[in-house]
Amino acid sequence: GRGDNAHPIFGQLLHDFGHKKLYCADPLTLWSGTLVWDKQRAFRPQRAELIAKAKERSAALGWPGTITIVEAVRAATAETGALETGAGNEAEG
């Protein structure tokens, strides 16, 4: 089994920090179970050149990095019954 600390898309929960959670996810399950953010940061040629030069000097193979996922959870507030989508968002009716 997947265990009690498993999420159906994110995988095995490694640690709950309170304000964020760290999971070990299967890439295919993650890819098929999430929407991809399509608004990338603005391309800056100078930044891209610095990254490329650093990569050329590195002995590491591949392109290491992390995948960040935000799960929007809706919950009705006890006071108004309005739905909230998370910190910093306006309540919806």
Side-chain angles (χ1 to χ4, degrees):
R2 293 175 53 113
D4 292 340
N5 291 330
H7 185 280
I9 296 172
F10 304 150
Q12 184 65 36
L13 177 66
L14 299 178
H15 191 79
D16 185 343
F17 294 96
H19 65 288
K20 64 182 173 183
K21 295 178 182 179
L22 179 64
Y23 291 93
C24 180
D26 174 71
L28 292 177
T29 303
L30 191 61
W31 177 77
S32 66
T34 58
L35 299 174
V36 176
W37 178 261
D38 61 359
K39 295 177 173 64
Q40 300 301 319
R41 70 168 74 191
F43 178 76
R44 295 188 325 215
Q46 293 169 329
R47 180 176 179 276
E49 187 175 337
L50 288 174
I51 292 171
K53 286 181 179 179
K55 183 65 181 151
E56 283 178 341
R57 292 189 303 267
S58 173
L61 299 175
W63 193 267
T66 60
I67 298 173
T68 301
I69 297 178
V70 177
E71 181 178 27
V73 178
R74 292 177 174 240
T77 63
E79 294 175 2
T80 66
L83 294 177
E84 292 185 0
T85 57
N89 291 344
E90 296 295 323
E92 298 175 2

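When a residue number appears, it is its place in the shown sequence, counting from 1. We use all heavy atoms of the structure for the numbers below, so side chains are in, but hydrogens, waters and symmetry mates are not. All of these numbers come straight from a predicted model, not from anything done at the bench.
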According to a 4.5 Å side-chain heavy-atom criterion applied to Ile, Leu, Val, Met, Phe, Trp and Tyr, with indirect links allowed, do Leu14 and Phe17 form part of one hydrophobic cluster?
-> yes
Go through Lys21 and Leu13 one step at a time and tell me if the side-chain contact (heavy atoms from CB on, under 4.5 Å) criterion holds.
-> CA-CA 7 Å; Lys21 295 178 182 179; Leu13 177 66; 3.7 Å; yes
Point-to-point distance, once rounded to the nearest 0.5 Å, from OH of Tyr23 to CD1 of Ile9 | 10.5 Å
Excluding sequence neighbours, so at least two apart, what forms salt bridge (charged side-chain N to carboxylate O under 4.0 Å, His left out) with Lys20?
-> none
Where the side chain of Ser32 meets the backbone of Leu28, is there a donor-acceptor pair that is under 3.5 Å apart?
-> yes
Contacts of type side-chain contact (heavy atoms from CB on, under 4.5 Å), residue Leu50, not counting sequence neighbours = none
All pairs passing salt bridge (charged side-chain N to carboxylate O under 4.0 Å, His left out) where residues 45-54 contributes a residue, at least two apart = Glu49-Lys53
Point-to-point distance, once rounded to the nearest 0.5 Å, from CG of Asp26 to CD of Gln12 | 13.0 Å
